[in-house]
Amino acid sequence: MSNKKFKTVTWEAFQAMGDPDNVEVEHESSNENPDTTKMNVPIRVYLEKKGRKGKSVTVVKGLDAEKSYIETMAREMKKICGVGGTVTEGLIILQGDQRNKCVEHLKTMGYTDIKKAGG
């Protein structure tokens, strides 16, 4: 291992890592979902066919979160629905009509204002 990684860590900071009081504070902050303030934003789950050669896709719109969080949600939704999909410009796009499964999954995650829209 290189010593470059450890040059900025002081002995006091290293000892504080094992402090039980410090560990409890870290657990409290890590359990809090960073998007709890945004759980009431209106989310629309709709079916779209236009521009896709007649194939239908489910689009989840209105998620106002970080890109990594949206990608994680998309990965979970793809796994639950058993389909492929992608994340584009803050939209989650899943293959086929998966609106019911998406709405149920978003409700279990704590989102409240979810509406099915379109087709």
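Taking CD1 of I92 as the start and CD of Q98 as the end, the distance is 13.0 Å to the nearest 0.5 Å. Here the CG atom belonging to L63 is positioned 5.5 Å from the OH atom belonging to Y111, to the nearest 0.5 angstrom. To the nearest 0.5 Å, atoms CG (L47) and CG (D97) are separated by 4.5 Å. For the atom pair CD1 (I93) and OG1 (T88), the distance works out to 4.0 Å, reported to the nearest 0.5 Å. Distance check, rounded to the nearest 0.5 Å: CZ of R44 to NZ of K115 gives 5.0 Å. Atom CD of E89 sits about 10.0 Å away from atom NZ of K67, to the nearest 0.5 Å.
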Return all side-chain donor-acceptor pairs below 3.5 angstrom for residues 71-78, not counting sequence neighbours, or 'none' if the list is empty.
from, atom 1, to, atom 2, distance (Å)
T72, OG1, S68, O, 2.8
E76, OE1, H105, NE2, 3.2

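Under the side-chain contact (heavy atoms from CB on, under 4.5 Å) criterion, K49 pairs with S56, not counting sequence neighbours. Residues satisfying the salt bridge (Lys or Arg N to Asp or Glu O under 4.0 Å) test with R52, not counting sequence neighbours, are E48. Applying the side-chain hydrogen bond (donor to acceptor under 3.5 Å, both in side chains) test to K116 and every residue at least two apart in sequence or in another chain returns N100.
I70 and A65 get closest at one heavy-atom pair: CD1-O, 3.7 Å. Smallest separation of non-hydrogen atoms from M109 and Y69: CE-OH, 3.6 Å. Taking each heavy atom of V60 and C102 in turn, the nearest pair found is CG2-SG, 4.3 Å.
Note on I80 and L94: separate hydrophobic clusters, where clusters join Ile, Leu, Val, Met, Phe, Trp and Tyr whose side-chain heavy atoms are under 4.5 Å apart, directly or indirectly.
In this structure the side chain of V45 reaches within 4.5 angstrom of the side chain of L106, judged on heavy atoms. The shortest distance between side-chain heavy atoms of D113 and I43 does not fall below 4.5 Å.
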